[in-house]
Student: 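Have a look at this one.
Computed from heavy atoms alone, side chains included, the values below leave out hydrogens, waters and symmetry copies.
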There are 2 protein chains.
Amino acid sequence: MEKTGYSKTAVKILEASLPLFAAHGFNGVAMRDIANTVGITAAALYNHFPGKETLYLRALEYAFADKVTNFADSLSAAEGLHGRLTCMIGFWVETLAGDVVLRSLLQREMSDADEQRLQLLLDRLFASVYLSSRDTLLALAGGRMDAHLLFFTILGMVLSHFQLAPIRRRLPGSLPAHEEVEVITRHLVTLLRDGVTTTP
Amino acid sequence: MEKTGYSKTAVKILEASLPLFAAHGFNGVAMRDIANTVGITAAALYNHFPGKETLYLRALEYAFADKVTNFADSLSAAEGLHGRLTCMIGFWVETLAGDVVLRSLLQREMSDADEQRLQLLLDRLFASVYLSSRDTLLALAGGRMDAHLLFFTILGMVLSHFQLAPIRRRLPGSLPAHEEVEVITRHLVTLLRDGVTTTP
DNA sequence: GTCTATAGCCGGATAGAC
DNA sequence: GTCTATCCGGCTATAGAC
């Protein structure tokens, strides 16, 4: 129930365009494709958005809206090393695992984003989560490790798991269990807690 | 000094196209762009490659050729937990840090690769490194952690560091030192060894 | 606000001279 | 093996009727 200021058709256009942009990228989607999905003609799109570039930017904004609600609260409520790590890992796993569109857009933007779109990602997703996590990470590992790098290492561990999944699946040792979010979360939390060492 | 079977011009075309494809993606590069970079016309490209799709595939093959020489030897020569982790992390850091083109292509392929191109990445880069690493990881952490997942977690930690760098740089706490490969390698090895815990 | 029609451009690919 | 010239299809965007 958000106040976006978009007309009903404009929202339909944004929601229709997002899976297309996610799957094929900006250059891989034609205005006709979006229009067909909505059920109108390409010309009608220009009544709602001035051009393709703007439509893409609005779609990105729309996709990344309201993704970080109450992360800060959950994190400050979590107790102990294990609880806080699980909270941080869990946030990213849940944000990324369920939403293929968000994940693909994010992945594409990491290759292609210009200054403006990077700023959008920062404002809508990364900045607030980073600021919430940083103090926790400093407290947990500040003595031994760089908290700034650590935040991105944690994010990267989760993100890359999804990115690399198509490659991982094709290598020996892959199991159906490796797709489950609980298994992945537990794997990452265990690694962050104690490292790989068999004998501590 | 490799035997590729390509004429001198064909090699020039491949080498000219790679930075373009890396920077702008398949759809973002015109045959005319490649031709201009080489210094010939677009029509002349078709004397060397039957079409754009094939040219892209050959360019990918070319980019990923000979990237894993003697990793297996280095790994088996490494001694101790620390030495082996450093070897594995170091391989990926070195492979990815120095080569922006390879990194961008890899990143784009992880979004867009079809069956054929995924197989190419597996054959040229991932399969052999994975097989060399797996036994080591099993021996190091087999009792506590899933070696299959662990391989991709390690790869992902390195890869995502470069991917996320544009975002990381814009957040408070970023330092010039965070760009240095030694700093990154040490950070990751420390984390993998012992986890984040301040008090072991 | 949507349609049809179309302008104007660009991209991949081909023909044929040299 | 490279060139010039060109075809043809697809793309964004606009004009104007309804």
Student: What is the separation between atom CG on B:Leu45 and atom C1' on C:dA13, rounded to the nearest whole Å?
Tutor: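 In whole Å, C:dA13 C1' lies 11 Å from B:Leu45 CG.
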Student: In whole angstrom, what separates A:Lys52's NZ from C:dC9's C1'?
Tutor: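 Atom-to-atom, A:Lys52 to C:dC9, this comes out as 14 Å.
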Student: With salt bridge (Lys or Arg N to Asp or Glu O under 4.0 Å) as the rule and sequence neighbours excluded, what pairs involving residues 11-33 of chain B come up?
Tutor: none
Student: Give the nucleotide from the list D:dT12, C:dC3, D:dC3 with an atom nearest to the side chain of A:Tyr46.
Tutor: D:dT12
Student: Considering only residues two or more places apart or on different chains, which pairs with a residue in residues 156-183 of chain B satisfy ring-ring contact (aromatic ring centres under 6.0 Å, His included)?
Tutor: A:His148-B:His178
Student: Taking only residues two or more places apart in sequence, or in another chain, which ones meet A:Asp114 in a salt bridge (Lys or Arg N to Asp or Glu O under 4.0 Å)?
Tutor: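 Here the qualifying residues are A:Arg117.
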Student: Which pairs, with at least one residue in residues 79-94 of chain A and sequence neighbours excluded, count as a side chain to side chain donor-acceptor pair (under 3.5 Å)?
Tutor: none
Student: Taking the side chain of B:Thr41 as heavy atoms from C-beta outward, which of D:dC3, C:dT4, C:dG1 is closest to it?
Tutor: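 For B:Thr41, the side-chain atoms sit closest to D:dC3.
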Student: Whole-Å distance between D:dC3 P and B:Asn36 CG?
Tutor: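 Between P of D:dC3 and CG of B:Asn36: 10 Å.
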Student: What is the separation between atom CD1 on A:Ile13 and atom C1' on C:dG1, rounded to the nearest whole Å?
Tutor: 10 Å
Student: Taking the side chain of A:Ala43 as its heavy atoms from C-beta onward, which of C:dG12, C:dC3, D:dG1 lies nearest to it?
Tutor: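 The answer is C:dC3, which lies nearest to the side chain.
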Student: Tell me, which of residues 22-34 of chain A have any heavy atom that sits under 4.0 Å from an atom in DNA chain D?
Tutor: A:Val29, A:Ala30, A:Met31, A:Arg32
Student: Just to verify, what does A:Phe64 make a ring-ring contact (aromatic ring centres under 6.0 Å, His included) with, not counting sequence neighbours?
Tutor: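 With sequence neighbours excluded, A:Phe64 shows a ring-ring contact (aromatic ring centres under 6.0 Å, His included) to no residue whatsoever.
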